[in-house]
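What follows is a set of notes on a single structure, which appears directly below.
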Protein chains: 2
Amino acid sequence: MTPRTASGTSAVRLAAETWESLFRAQVAVMRRLQSGPAFRDLAVNEYDVLFTLSRCPSGWLRLNELNDNVLLSQSSLSRLVDRLEKRGLVERQPAPNDGRGVLLKLTEEGAALQKEIGREHVRDIAELVAPALTAAEQRELLRLTEKLRASLPSR
Amino acid sequence: MTPRTASGTSAVRLAAETWESLFRAQVAVMRRLQSGPAFRDLAVNEYDVLFTLSRCPSGWLRLNELNDNVLLSQSSLSRLVDRLEKRGLVERQPAPNDGRGVLLKLTEEGAALQKEIGREHVRDIAELVAPALTAAEQRELLRLTEKLRASLPSR
DNA sequence: CCGATTTACATGCATTTGCATGTACTGCAC
DNA sequence: GTGCAGTACATGCAAATGCATGTAAATCGG
C-alpha cells in the first residue's frame with residue numbers, strides 16, 4: 001500500500017531525509033558563520049533584522065512582517081528591536097493606518113553597520129559555499145529552496 | 001576583474017543568494033514544525049539529541065560529537081543533557097579510554113519517547129516537503145545539501 | 001619523567017528567550 | 001453605534017543560552 005520509489009524508499013522517508021540533510025547543512029554552515037569575526041558585536045538574529053530592513057524598498061517594515069523572516073517568538077523579536085533601538089540602529093514609528101502596528105526603519109548608523117557586517121558576512125559565505133558547489137549546483141540549490149519556501153502553507 | 005556569470009551575477013553574490021535562500025527555507029519549515037503538536041513536551045533541540053542518539057550504531061555517543069550536530073554552545077548542550085538525564089531520557093557514563101570524556105546513551109524511556117515524537121515529526125515533515133517538491137527534486141536537494149555539508153572545512 | 005599546552009566537560013553569572021498575559025486598537029455582526 | 005472576537009505589540013517571569021572560567025585528564029616537548 002505504501003508507495004515506494006525505485007530505490008525502495010517511501011515518499012515519507014525521502015521527505016524526512018531531505019529535510020534532515022537540509023537542516024544539518026544549515027546548522028553546519030551557520031555554526032561556522034556565527035563563530036567568525038563578522039558577528040563580534042552583533043548577534044546573527046540582530047544582523048538579520050538589520051539586513052531585512054536594508055532590503056525593504058520603502059525603508060519601513062511592520063514588526064509582524066519582520067517576524068515571518070526570523071526564527072524568534074513575537075515577544076523575543078519585540079525585545080530584540082528594543083535593544084537595537086537603544087543602540088541607535090533602528091527607529092520605531094506608529095503605523096499610519098493601524099493604531100496597533102509599529103513600523104521599523106534603519107537609522108543611518110544602523111544602515112552603515114549593516115553594510116559593514118554584510119560585506120564581511122558575504123565574504124565568509126562565499127568562502128564556504130563556492131568551493132563546495134559548482135555555480136550550476138548553487139543555482140539549482142537556490143531554485144529548490146526557493147520553491148520549497150514558496151510552496152509552504154501560509155501558516 | 002570580478003568573474004561574472006551569464007546572468008551578470010558575481011560568484012560571490014550567487015553564493016550569498018544561495019545561502020540566503022537555504023537559510024530562509026530552513027527558518028520557514030522549522031517555524032511550522034516546531035509550532036506543531038509533536039514538540040509539546042520536548043524542545044526541538046532536545047528531540048534532536050534523542051534522535052541523534054537513536055541513530056548511533058553503538059548506542060553510545062561522546063558529548064563533543066553530539067555538539068557538532070546541534071546549533072548550541074558546549075555549555076548549553078551540557079545543561080540540555082542535564083535536563084534530559086533528570087527526566088530519565090538519557091544516561092551518562094565516563095568514557096572508557098578518555099578520563100575527560102562522557103558517553104551518552106538513550107534510556108528505554110528515552111528511546112520510546114524519541115520513537116513516538118519521531119513518528120509525528122516525520123509525518124509533519126512529509127506534509128510540508130512532499131507537496132512542495134517532486135521526488136526527483138527532493139533527491140537533488142538531498143544530494144546538494146549533503147555535498148555542501150561534506151565539503152565544509154572541519155572547523 | 002616533568003612542566004606546559006590543549007582538550008573535554010561543568011558551572012557561575014549576565015543576557016536572551018518563550019509562555020502567558022496585559023493593553024490598545026481593528027473589524028465584524030447585529 | 002454597541003458588543004465581541006481577533007490582531008499587534010509590550011511586559012512579568014521562569015527557563016534556556018552563551019561567555020568566561022574552573023577542573024581534570026590527555027598530549028606534547030624537552
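Atoms considered below: every heavy atom in the structure, side chains included; atoms not considered: hydrogens, waters and symmetry mates. Just so it is clear: chains get the letters A, B, ... in the order the sequence lines come, proteins before strands, and each one is counted from 1.
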Fill in: Sugar-phosphate only, base, or nothing, as touched by A/R79 at under 4.0 Å among non-hydrogen atoms
base
Practice prompt. Tell me what A/L72 touches on the nucleic acid: a base, only sugar-phosphate, or nothing, going by heavy atoms under 4.0 Å.
Written response: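 Sugar-phosphate only.
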Measure the distance from [atom1] on [X] to [atom2] on [N] and round it to the nearest whole Å.
X: B/L77; N: C/dT11; atom1: CG; atom2: P; result: 14 Å
X: A/L71; N: C/dT17; atom1: CG; atom2: C1'; result: 12 Å
X: A/N67; N: D/dA10; atom1: CG; atom2: C1'; result: 13 Å

Worksheet item: Hey, is the main chain of A/R31 close enough, under 3.5 Å, to the side chain of A/Q34 for a donor-acceptor pair?
Response: no
Worksheet item: If you pin B/D82 and A/L80 to their nearest nucleotides in DNA chain C, which one's is more 5'?
Response: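 Per heavy-atom nearest nucleotide, the more 5' residue is B/D82.
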Practice prompt. Verify the ring-centre separation between B/H121 and B/F51: is it less than 6.0 angstrom?
Written response: no
Respond yes when some side-chain nitrogen or oxygen of [X] is under 4.0 Å from OP1 or OP2 of [N], and no when none is.
X: A/S78; N: D/dC9; answer: no
X: A/R40; N: D/dC19; answer: no
X: A/N64; N: D/dC9; answer: yes
X: B/S76; N: D/dT17; answer: no
X: A/R62; N: D/dT7; answer: no
X: A/N45; N: C/dT17; answer: yes

Practice prompt. Look at the side chain of B/L63 and decide which nucleotide, out of C/dC9, D/dT17, C/dG18, has an atom nearest to it.
Written response: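 For B/L63, the side-chain atoms sit closest to C/dC9.
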Worksheet item: For nucleotides 23-29 of chain D, read 5' to 3', which letter fits each nucleotide if B means a protein heavy atom sits under 4.0 Å from the base, S means only the sugar-phosphate is that close, and - means neither?
Response: --BS---
Report yes if a donor N or O on one partner sits less than 3.5 Å from an acceptor N or O on the other, where the partners are the side chain of [X] and the base of [N]; otherwise report no.
X: B/S75; N: D/dC19; result: yes
X: B/Q74; N: C/dA10; result: yes
X: A/R31; N: D/dG18; result: no

Worksheet item: Yes or no on salt bridge (charged side-chain N to carboxylate O under 4.0 Å, His left out) for B/E120 and B/R40, after CA distance, side-chain angles and deciding distance?
Response: CA-CA 11 Å; B/E120 274 186 277; B/R40 76 199 87 109; 2.8 Å; yes
Worksheet entry | CA sep, side-chain torsions, deciding dist, call: A/R24, B/E146, salt bridge (charged side-chain N to carboxylate O under 4.0 Å, His left out) | CA-CA 8 Å; A/R24 296 287 172 221; B/E146 182 46 45; over 6 Å; no
Worksheet item: What do the steps show when you test B/D98 against B/R62 for salt bridge (charged side-chain N to carboxylate O under 4.0 Å, His left out), and what is the final call?
Response: CA-CA 10 Å; B/D98 188 340; B/R62 283 288 293 264; 3.6 Å; yes
Practice prompt. Please test B/S21 against B/T18 for side chain to side chain donor-acceptor pair (under 3.5 Å), starting from the C-alpha separation and ending with a verdict.
Written response: CA-CA 5 Å; B/S21 182; B/T18 301; over 6 Å; no
Fill in: Steps toward salt bridge (charged side-chain N to carboxylate O under 4.0 Å, His left out) verdict (B/E137, A/R143)
CA-CA 10 Å; B/E137 285 174 331; A/R143 184 185 78 81; 3.3 Å; yes
Fill in: Which residue lies more 5' along DNA chain D, comparing A/E65 with A/Q34 via nearest heavy atoms
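The residue whose closest nucleotide sits nearer the 5' end is A/E65.
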